[in-house]
**Student:** 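Please see the structure below; I have some questions.
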Amino acid sequence: MKVNSNKSKKENNTMSNLIWRCCLLAVFILAGTNYGSAQNADSPAAVDTGKQEARVTGLRYITVHVLDLEKSLKLYREILGFKMAEAEVLHGPGLEGMLVMKLKTDDLTIGLSVTAPEFMHTVGPIGNTNHNHFMLKVNDITPIGDKLKEEGYELENENYARDKYTFFVGPNGEIIGLSSWE
């Protein structure tokens, strides 16, 4: 009986390579699992301090200063499917006579603001007012507002802790609102 030693060595090498690959795969899986666990344990959100870290939790709404009411309503209502939820006329410096229409779809609200023609002179250039802005939901505005002030951001509402909202200008000129009211 003649045994082909090349075939036997080849089968052993194949089996050895398969075992080696399985071991290597197991090491990668275990290392990845341990790395993920270690990373999660060290992350600030995972540390159990009894208090959740202050952070953004969602988008509350977007407000757009309207230049063409007819086209804006056609876009948002007829094409994008938003429904009129409410409308109100605002009063106060820079806001006098401004009509704000709130349009909703599912969990998003868009405010369309229209300044009365007789008050157009009170509104700054588009992009330099808080009429074009987005409002973010936050779970705790006080530490976030404090951090923004520490970083040199000017907050529109210094009573943000009490009132639970403020606005500020982001690094790109974007107007950002923060709100922790329910």
**Student:** Mind jotting down which residue pairs meet the salt bridge (charged side-chain N to carboxylate O under 4.0 Å, His left out) criterion with at least one end in residues 139-148? Sequence neighbours excluded, please.
**Tutor:** Lys51-Asp140
**Student:** Would you give the length of the straight line joining atom OH of Tyr160 to atom NZ of Lys149, rounded to the nearest 0.5 angstrom?
**Tutor:** 4.5 Å
**Student:** Is it possible for you to say whether Leu69 and Met98 belong to one hydrophobic cluster, with membership spreading through side-chain heavy-atom contacts below 4.5 Å?
**Tutor:** no
**Student:** Under the criterion side chain to side chain contact (heavy atoms under 4.5 Å, CB included), I'd like the reasoning laid out for Thr109 against Met135: C-alpha separation, chi angles, the key distance, then a yes or no.
**Tutor:** CA-CA 10 Å; Thr109 300; Met135 180 68 79; over 6 Å; no
**Student:** Return yes if some donor-acceptor pair links the side-chain N/O of Asn157 with the main-chain N/O of Asn159 below 3.5 Å, else return no.
**Tutor:** yes
**Student:** Test of understanding: clusters of I, L, V, M, F, W, Y form through side-chain heavy atoms closer than 4.5 Å, transitively. Do Tyr153 and Ile175 belong to the same one?
**Tutor:** no
**Student:** Are the side chain of Arg77 and the backbone N or O of Leu103 linked by a donor-acceptor pair below 3.5 Å?
**Tutor:** no
**Student:** Should the heavy atoms of other residues, nucleotides or ligands under 6.0 Å from CD of Glu158 be counted, would the total exceed 12?
**Tutor:** yes
**Student:** Are His133 and Phe168 an aromatic pair by the rule of ring centers under 6.0 Å?
**Tutor:** no
**Student:** How long is the gap from CD1 on Ile110 to OG1 on Thr105, to the nearest 0.5 Å?
**Tutor:** 9.0 Å
**Student:** Looking at Lys137 and Leu59, what are the two nearest heavy atoms and their distance?
**Tutor:** CE-O, 4.0 Å
**Student:** How far apart are the closest heavy atoms of Ile141 and Ala161, and which atoms are they?
**Tutor:** CG2-CA, 4.4 Å
**Student:** At what distance, to the nearest 0.5 angstrom, does CD1 of Ile62 lie from CG of Leu112?
**Tutor:** 10.5 Å
**Student:** Does Phe167 belong to the same Ile/Leu/Val/Met/Phe/Trp/Tyr cluster as Leu155, with side-chain heavy atoms less than 4.5 Å apart forming each link?
**Tutor:** no
**Student:** Taking only residues two or more places apart in sequence or in another chain, which ones pass side-chain hydrogen bond (donor to acceptor under 3.5 Å, both in side chains) with Tyr76?
**Tutor:** none
**Student:** Assigning hydrophobic clusters by single linkage (Ile, Leu, Val, Met, Phe, Trp, Tyr; side-chain heavy-atom cutoff under 4.5 Å), is Val56 placed with Leu108?
**Tutor:** yes
**Student:** Might you point out which heavy atoms bring Asn139 and Ala54 nearest each other, and give the distance in Å?
**Tutor:** OD1-CA, 3.3 Å
**Student:** Quick one: do Val64 and Val100 end up in the same hydrophobic cluster if we chain Ile, Leu, Val, Met, Phe, Trp and Tyr together by side-chain heavy atoms under 4.5 Å apart?
**Tutor:** no
**Student:** I need the full list of side-chain hydrogen bond (donor to acceptor under 3.5 Å, both in side chains) pairs touching residues 78-90, with sequence neighbours left out, sorted by first then second residue.
**Tutor:** none
**Student:** Of the non-hydrogen atoms in His65 and Ser113, which two are nearest, and what is the gap between them?
**Tutor:** CA-OG, 3.4 Å
**Student:** Of all the heavy-atom pairs spanning Glu156 and Thr166, show the shortest one and how long it is.
**Tutor:** N-OG1, 3.5 Å
**Student:** Measuring from atom OH of Tyr61 to atom CG of Asp107, what distance do you get when rounded to the nearest 0.5 angstrom?
**Tutor:** 16.0 Å
**Student:** Closest approach of Trp181 and Lys164, non-hydrogen atoms and distance?
**Tutor:** CD1-O, 3.3 Å
**Student:** What distance do Met84 atom CE and Leu73 atom CG have between them, rounded to the nearest 0.5 Å?
**Tutor:** 5.5 Å
**Student:** Are any non-hydrogen side-chain atoms of Asn132 and Thr63 less than 4.5 angstrom apart?
**Tutor:** no
